[in-house]
*Asks:* 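I have a structure I would like to understand better, so I am pasting it below and will then ask my questions one at a time.
Lettering of chains follows the sequences in order, A, B, ..., and the numbering in each one begins at 1.
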Amino acid sequence: MLPMVDLDLTLGCGQVFRWFKEGEWWSGVVDGKEVHLRTHDRRIDVRGEISKDRLRDYFRSGDDLDLIYAEIARDDLMRDLASRFKGLRLIRQDPWECSLSYLLATNANFPRIQKMVDAVCRTFGPLLPGGRHDFPSPSNILDGEEKALKCGLGYRCGRMVEFARNVEEGRLDFEALMEMSYAECISYLKGFEGIGDKVADCIALFCLDHLEAFPVDVRIRRVMDRAYGIKGSYKVVRECGQRYFGRYAGYAQELLYHWDGLKST
DNA sequence: AACCAGGTCTCGA
DNA sequence: TCGAGACCTGGT
């Protein structure tokens, strides 16, 4: 049985870039298979070749949302967000896809990030039955790296190719990365071109199970200032968030991110 | 038409 | 260690 999940909140805005809503169905690609999900009678209908176990893992069913939301509900604002965004779950993404996606996500807005990731998938990713493309492997990208110029990535283009090379040639080892502590993996990831504190935090949170990560972007910066009067360097805002919200700061960050998104659009 | 975007890099103080 | 500018491109 799947955990309680609000698909619109969870898939719709921010953390993943390859899910699209067609009518009432959400369409995505997981493990190289096209998957369709919808909410029906408060249950999740699933179409596609994906096991219930895999789906539970993908939606982090081990996360006890009631416990987590209770723990991060430190004040009136967070209590309100916790009740309004009930069912917003973090997703356990594939490390390679997550890393490259957030490498591309720098200094761009959500529609553009979706567009860039989609261009990369159409250009390099194997075509799947049903018409969608898989997320390309590092070697998929390196095999035709000259085509990267046509993906509209701007200055991220060279970073993407270099990143693929670093993974392909073993300088970036995801197996090792997954064994590291939060601090270790941030420091390790920042050694690669195009990955700074923000991208490293996103990777730590969205695919490496470090729920204490607190990625700070423009929106989080704005919210932390407005709601709590916290401003300053990346480190200052991140550490304030982590200290205030505790071990599940990442979930708090996600609620605040969505909240700011509702207001600013 | 400017301004901004799930930032990073470089460089000077 | 920290702040300021540059940076591709497209959305709004």
*Asks:* Distance check needed: dA5(B) P versus Phe17(A) CZ, whole Å only.
*Replies:*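 Rounded to the whole Å, the gap is 15 Å.
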
*Asks:* Closest approach to the side chain of Ser233(A), judged atom by atom: which nucleotide of dT8(B), dG3(C), dC9(B) is it?
*Replies:*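 Nucleotide nearest to Ser233(A)'s side chain: dG3(C).
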
*Asks:* In whole Å, measure the gap between the C1' atoms of dC9(B) and dG10(C) for me.
*Replies:*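 These two C1' atoms come out 22 Å apart once rounded.
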
*Asks:* How many Å lie between CD on Glu239(A) and C1' on dT1(C), as a whole number?
*Replies:*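 In whole Å, dT1(C) C1' and Glu239(A) CD are 13 Å from each other.
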
*Asks:* Could you state the interatomic distance from CG (Leu142(A)) to CD (Glu162(A)), rounded to the nearest 0.5 Å?
*Replies:*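 Nearest 0.5 Å value for the CG-CD distance: 9.0 Å.
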
*Asks:* Verify whether one side chain among Gln242(A) and Tyr182(A) offers a donor that lies under 3.5 Å from an acceptor in the other.
*Replies:*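 Checked: Gln242(A)/Tyr182(A) side chains pair up, N/O donor to acceptor below 3.5 Å.
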
*Asks:* Indicate whether any N or O donor in one side chain lies under 3.5 Å from an N or O acceptor in the other, for Asp201(A) and Tyr102(A).
*Replies:*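 Side-chain D/A pair, Asp201(A) to Tyr102(A): absent.
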
*Asks:* If you find the nucleotide of DNA chain B closest to Cys202(A) and the one closest to Lys190(A), which residue's nucleotide is nearer the 5' end?
*Replies:*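 Counting from the 5' end, the first nearest nucleotide belongs to Cys202(A).
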
*Asks:* Under 3.5 Å, is there a donor-acceptor pair linking the side chains of Glu184(A) and Ser187(A)?
*Replies:*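 Ser187(A) and Glu184(A) do not have a side-chain donor-acceptor pair below 3.5 Å.
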
*Asks:* Measuring from the side chain of Val199(A) (C-beta onward, heavy atoms only), which nucleotide among dC9(B), dT8(B), dG3(C) has the closest atom?
*Replies:*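 For the Val199(A) side chain, the nearest candidate turns out to be dT8(B).
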
*Asks:* Taking Arg156(A) for its side chain and Thr106(A) for its backbone only, find out whether a donor-acceptor pair lies under 3.5 Å.
*Replies:*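 Yes.
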
*Asks:* When the P atoms of dG11(C) and dT8(B) are considered, how many whole Å apart are they?
*Replies:*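 So the two P atoms sit 22 Å from each other.
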
*Asks:* Taking the inter-plane angle between the rings of His36(A) and Trp25(A) on a 0 to 90° scale, is it parallel (under 30°), tilted (30 to 60°) or perpendicular (over 60°)?
*Replies:*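 Because their plane-to-plane angle is over 60°, the rings of His36(A) and Trp25(A) count as perpendicular.
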
*Asks:* Can you list the stems that DNA chain C is part of, where a stem is at least 3 pairs in a row, each Watson-Crick or G-U, with both distances below 3.5 Å?
*Replies:*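 Paired runs of 3+ in DNA chain C: B:2-5 with C:9-12, B:7-13 with C:1-7.
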
*Asks:* Given atom CG of Asp260(A) and atom C1' of dA5(B), what is their separation to the nearest angstrom?
*Replies:*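 About 12 Å, once rounded to whole Å.
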
*Asks:* With heavy atoms under 4.0 Å as the rule, sort Tyr102(A) into base, sugar-phosphate or nothing.
*Replies:*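 If one applies the 4.0 Å heavy-atom cut-off, Tyr102(A) turns out to touch a base.
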
*Asks:* Do Glu24(A) and Arg38(A) meet the salt-bridge criterion of a basic N to acidic O distance under 4.0 Å?
*Replies:*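 Yes.
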
*Asks:* Taking atom types as modelled, is there a side-chain donor on Asp217(A) or Tyr257(A) under 3.5 Å from an acceptor on the other?
*Replies:*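 No donor-acceptor contact under 3.5 Å links the two side chains.
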
*Asks:* What nucleic acid atoms does Arg222(A) come within less than 4.0 Å of, heavy atoms only: base, sugar-phosphate, or nothing?
*Replies:*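 If one applies the 4.0 Å heavy-atom cut-off, Arg222(A) turns out to touch the sugar-phosphate alone, with no base involved.
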
*Asks:* Using 30° and 60° as the class boundaries, would you call the ring planes of Tyr251(A) and Tyr69(A) parallel, tilted or perpendicular?
*Replies:*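 Taking Tyr69(A) first and then Tyr251(A), their aromatic rings stand perpendicular (interplane angle over 60°).
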
*Asks:* Determine whether Phe206(A) and Val16(A) satisfy the following criterion, side-chain contact (heavy atoms from CB on, under 4.5 Å), listing intermediate values before the conclusion.
*Replies:* CA-CA 9 Å; Phe206(A) 296 134; Val16(A) 283; over 6 Å; no

*Asks:* Are a donor atom and an acceptor atom from the side chains of Tyr188(A) and Asp173(A) found within less than 3.5 Å of each other?
*Replies:*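 The criterion, which ignores hydrogens and geometry beyond distance, is not satisfied for Asp173(A) and Tyr188(A).
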
*Asks:* Atom CE of Met116(A) to atom P of dA5(B): distance rounded to whole Å?
*Replies:*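 Rounded to the whole Å, the gap is 14 Å.
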
*Asks:* Give the B/S/- string for nucleotides 6-12 of chain C, one per nucleotide from 5' to 3', where a protein heavy atom under 4.0 Å of the base yields B, of only the sugar-phosphate yields S, and otherwise -.
*Replies:* -BBBSSS

*Asks:* Whole angstroms only, please: what is the CZ-C1' distance between Arg219(A) and dG7(B)?
*Replies:*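 Those two atoms, CZ and C1', are 15 Å apart.
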
*Asks:* Using a strict heavy-atom distance below 4.0 Å, which residues from residues 209-217 of chain A are in contact with DNA chain B?
*Replies:*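 Going residue by residue through residues 209-217 of chain A, the ones with a heavy atom under 4.0 Å of DNA chain B turn out to be Pro215(A), Asp217(A).
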
*Asks:* Using the C1' atom on both, measure dG5(C) against dC4(B) and round to a whole Å.
*Replies:*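 These two C1' atoms come out 16 Å apart once rounded.
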
*Asks:* Grab the CG-P distance between Leu189(A) and dG7(B) for me, whole Å please.
*Replies:*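 Distance, rounded to whole Å: 17 Å.
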
*Asks:* What is the nucleic acid contact for Phe192(A), judged by heavy atoms within less than 4.0 Å: base, sugar-phosphate only, or nothing?
*Replies:*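 The residue Phe192(A) makes sugar-phosphate contact but no base contact.
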
*Asks:* Specify the separation, in whole Å, of atom NZ of Lys235(A) and atom C1' of dC2(C).
*Replies:*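 One finds 10 Å between C1' of dC2(C) and NZ of Lys235(A), rounded.
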
*Asks:* Calculate the interatomic distance between Tyr257(A) atom OH and dA5(B) atom P; express it in whole Å.
*Replies:*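 Checked: the OH to P distance equals 10 Å.
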
*Asks:* Transitively linked via ILVMFWY side-chain contacts under 4.5 Å: Phe192(A) with Phe174(A)?
*Replies:*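 Both belong to a single hydrophobic cluster.
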
*Asks:* Would you give the length of the straight line joining atom CD1 of Ile230(A) to atom CZ of Arg221(A), rounded to the nearest 0.5 angstrom?
*Replies:*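 Separation between the atoms: 11.5 Å.
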
*Asks:* Expressed as a whole number of Å, how far does the P atom of dC11(B) sit from that of dC8(C)?
*Replies:*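 The answer is 15 Å between these two P atoms.
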
